[in-house]
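Numbering of ligands and ligand atoms starts at 1, following listing order. Worth knowing before you read on, the calculation uses all heavy atoms, side chains too, and leaves out hydrogens, waters and symmetry mates. Because the structure is predicted, anything quoted here is derived from the model rather than measured.
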Amino acid sequence: MTATPDAKPLKGLFIRTHGCQMNVYDSERIRDVLKPLGYAPVDAPEGADLVVINTCHIREKATEKVYSELGRLKQMKLASGGKMTIAVAGCVAQAEGAEIIRRQPAVDLVLGPQAYHKLPEMIARASRAVGDRLETEFDTIEKFDALPKTRDPDGPAAFVSVQEGCDKFCTFCVVPYTRGAEMSRSVDDIVAEVRDLAAKGVREVTLLGQNVNAFHGAAPRLEGGADWTLGQLVRHLSKIGGIERIRYTTSHPRDMDADLIAAHGDTAAMMPFLHLPVQSGSDRILKAMNRGHTADHYRDIIARVRKARPDIALATDFIVGFPGESDADFEATMQLARDVGYAIAYSFKYSARPGTPATGMHGHLSEDVKDARLQALQSLLRDQQTAFNQSCIGRTIPVLVTGKGRNPGQMHGRSPYLQAVHFEGTETQLGALVDVQILAASLNSLSGDLVRVRETAA
Ligand code: SAH
Ligand code: SF4
Ligand code: F3S
């Protein structure tokens, strides 16, 4: 260990992340918060001083996974003579709170998504066995203010959380309860974070929010005026030196405004990819879900986005088997998928979540019906994904090099359409933008020949 006079000995930190990109971002920030306390990341929970499970509550399976994982950690804690501290963070922590400690007493700390900046204080309290082991207050602004101002990015692509929480209350969804009310960070705060990342070689940022296009952050202090929209933010960030690519996820159809759509056509850094969850193609089901849009409203948005950016790759989320979904409703979902043609889509069986209105609705469907519908939809979506990838064969496309492949000389990166791309290259290209001529495509990736390095890594 290096010997600065007040350096603390390194302690092993293991973080397991479940759920969405927001949790991936949060886990990174948890690492940043704990670094000054001498915690350094380790690859496995065995022997770690602190294990953080960053949890997801979105479907029943995700939640149950947490308890089986905690059971395994308890054994490791016993083997360590009780030296391991176990913290449960994220959305299950928010939803279940102290119930987690009751169900698994080996858990030392429980902290919700808006409380992880308090982790150092909570660890100190736990080690003295005094005070609360639970923090589930909502104060998103306080959290962002308290987080370290600099980050250690893992590579040339980084997530930046710009908006959190949700006020939409879709009837199936726990997010408004686990993440709290919609809140946006200020433009100044976001710009400072993106500048810091750019200075450390980040080329691509993905702006995150549960409803990222509902963004309404305070305008820059020097400019004043009304809150900014996501379109304004994207245009502004695209001017930061080094930032070549901007993405955002996840959006809601109701917040897809004209300026954001226009930015897809007129802002070079805006990547041709849009994840716009639709959930269902049936107006009756969309209404029961409280989505606030019809299938045709969604089709209209897609048409306008395609007009602004004809090559845009479209992504979505579907839920099959929502209570009361008939064969005809499901067929409307299949038809919407056929009409749009997705580059990639995520589909889930409806899962009844405690405390959400849909749980109390009539017409819950059997697992068999849900399974059959999911299989039919996923088969269509797999064909669409393969077809989209194959449509890239023969094209030369810019690839941001994000990592080394398994064998020497193999590199991989991501296309503007968020596909994984494999090619023969060298490690010196890590972090650079290169042109690759695409020669082959499969369901999950593209491969091709390196044509040229566009720019060297910063
Ligand atoms: N904010 C995003 C989605 C967040 S949750 C949006 O508005 O669409 C991610 C996805 O999980 C959702 O799009 C939905 O498809 C799925 N999901 C949410 N709750 C679910 C539930 N109870 N059962 C099955 N899937 C669910
Ligand atoms: Fe959940 Fe709906 Fe909010 Fe998305 S918009 S996070 S699905 S409540
Ligand atoms: Fe899961 Fe929470 Fe994200 S419930 S999907 S981790 S916002």
Side-chain angles (χ1 to χ4, degrees), residues 16-27 30 53-63 65-66 88-96 112-114 116 136 138 140 159 161 163-183 208-215 248-256 274-281 285-286 288-293 298 301 315-323 325 333 337 342 344-361 364-365 367 370 373-374 377-378 381:
R16 171 101 63 212
T17 309
H18 300 283
C20 62
Q21 287 104 329
M22 190 71 84
N23 265 12
V24 174
Y25 175 85
D26 288 349
S27 289
I30 288 173
I53 308 295
N54 200 1
T55 59
C56 174
H57 196 53
I58 203 81
R59 284 169 290 274
E60 193 180 350
K61 251 197 204 148
T63 305
K65 236 196 259 171
V66 172
V88 178
C91 292
V92 178
Q94 189 65 43
E96 302 200 347
Q114 310 310 346
Y116 57 78
T136 49
F138 285 122
T140 318
F159 289 133
S161 199
Q163 181 277 344
E164 271 206 70
C166 180
D167 297 338
K168 300 269 190 304
F169 291 93
C170 301
T171 53
F172 52 80
C173 184
V174 292
V175 171
Y177 313 98
T178 63
R179 292 272 170 174
E182 221 166 83
M183 165 272 155
L208 295 182
Q210 264 85 32
N211 276 295
V212 70
N213 55 347
F215 176 81
Y248 59 95
T249 198
T250 304
S251 325
H252 194 288
R254 264 154 69 188
D255 296 315
M256 212 56 220
L274 173 65
H275 187 152
L276 193 63
V278 66
Q279 315 300 357
S280 170
I285 296 297
L286 287 169
M289 287 176 163
N290 190 33
R291 290 289 291 178
H293 61 84
Y298 182 89
I301 297 169
T316 201
D317 296 346
F318 289 108
I319 294 177
V320 301
F322 186 82
E325 185 187 72
T333 295
Y342 288 102
I344 187 163
Y346 304 90
S347 44
F348 311 99
K349 282 189 285 184
Y350 168 74
S351 168
R353 309 305 293 125
T356 59
T359 302
M361 288 180 185
H364 283 264
L365 300 174
E367 282 304 300
K370 290 194 229 178
R373 289 183 184 168
L374 189 68
L377 179 59
Q378 289 189 338
L381 295 172

**Item:** Residues K370 and E325 bridged, charged N to O under 4.0 Å
**Value:** no
**Salt bridge present between D26 and R179 (N-O < 4.0 angstrom)** = yes
Subset of ligand 2 atoms that lie under 4.0 Å from at least one heavy atom of [X]:
X    : value
P176 : 8 (S)
F172 : 7 (S)
F169 : 8 (S)
V175 : 6 (S)
C166 : 3 (Fe), 5 (S), 6 (S), 8 (S)
C170 : 2 (Fe), 5 (S), 7 (S), 8 (S)

**Item:** Atom of A214, atom of D255 and distance for their closest heavy-atom approach
**Value:** CB-OD2, 3.5 Å
**Item:** Residue pair A358 / H364: nearest heavy atoms and the distance that separates them
**Value:** O-NE2, 3.3 Å
**Message:** Please confirm whether K349 approaches ligand 1 to less than 4.0 Å, judged on its heavy atoms.
**Reply:** yes
**Message:** Less than 4.0 Å is my threshold; does some heavy atom of I319 fall inside it relative to ligand 1?
**Reply:** yes
**Prompt:** Under 4.0 Å from any heavy atom of R59, which atoms of ligand 1 are there?
**Reply:** 11 (O), 16 (C), 17 (N), 23 (N), 24 (C), 25 (N), 26 (C)
Looking only at protein heavy atoms, identify the closest one to [atom] and say how far it is in Å.
atom                    : value
atom 6 (S) of ligand 3  : N23 ND2, 3.3 Å
atom 1 (Fe) of ligand 3 : C56 SG, 2.4 Å
atom 5 (S) of ligand 1  : I58 CD1, 3.5 Å
atom 21 (C) of ligand 1 : S351 O, 3.6 Å
atom 7 (S) of ligand 3  : Q210 NE2, 3.2 Å
atom 2 (Fe) of ligand 3 : C91 SG, 2.2 Å
atom 3 (Fe) of ligand 3 : C20 SG, 2.3 Å
atom 4 (C) of ligand 1  : V175 CG2, 4.7 Å
atom 3 (C) of ligand 1  : D317 OD2, 4.4 Å
atom 4 (S) of ligand 3  : H57 N, 3.2 Å

Atom pair [atom1] ([X]) and [atom2] ([Y]), whose distance is rounded to the nearest 0.5 Å:
X    : Y    : atom1 : atom2 : answer
N213 : T250 : CG    : OG1   : 9.5 Å
N211 : K168 : CG    : NZ    : 4.5 Å
H252 : C166 : NE2   : SG    : 7.0 Å
H293 : M256 : NE2   : CE    : 12.5 Å
N290 : T356 : CG    : OG1   : 12.0 Å
Y346 : D317 : OH    : CG    : 8.0 Å

Strictly by modelled atom types, are [X] and [Y] linked by a side-chain donor-acceptor pair under 3.5 Å?
X    : Y    : value
Q378 : S347 : yes
N23  : T17  : no
R291 : T171 : no
E164 : Q114 : yes

Considering distance alone, does some N or O of [X] sit under 3.5 Å from an N or O of ligand 1?
X    : result
T250 : no
F172 : yes
Q279 : yes
Y350 : no
R353 : no
Q210 : yes

**Message:** Taking the ring centre of each residue, are H275 and Y248 less than 6.0 Å apart?
**Reply:** no
**Asked** Are R59 and F348 in a cation-pi setup, meaning NZ or CZ lies under 6.0 angstrom from the ring centre and within 45 degrees of the ring axis?
**Response** yes
**Prompt:** ligand 2 versus N211, non-hydrogen atoms closer than 4.0 Å: side chain, backbone, both, neither?
**Reply:** side chain
**Request:** Please lay out, stage by stage, how R353 and I58 fare under the test side-chain contact (heavy atoms from CB on, under 4.5 Å).
**Result:** CA-CA 8 Å; R353 309 305 293 125; I58 203 81; 5.9 Å; no
**Request:** May I ask whether R291 has any heavy atom positioned less than 4.0 angstrom from an atom of ligand 2?
**Result:** yes
**Prompt:** Does ligand 3 have any atom that is closer than 4.0 Å to a heavy atom of M22?
**Reply:** no
**Asked** Within less than 2.8 Å of atom 3 (Fe) of ligand 2, any N, O or S from C173?
**Response** no
**Message:** Heavy-atom pairs closer than 4.0 Å: do any link ligand 3 to the side chain of R179, the backbone, both, or neither?
**Reply:** side chain
**Asked** Counting heavy atoms only, which part of R291 comes closer than 4.0 Å to ligand 1: side chain, backbone, both or neither?
**Response** side chain
**Item:** Plane angle bin for Y298 and Y342 - parallel if under 30°, tilted between 30 and 60°, otherwise perpendicular
**Value:** tilted
**Request:** Could you check which of R179, Q210, H252 puts a non-hydrogen atom nearest to atom 5 (S) of ligand 2?
**Result:** H252
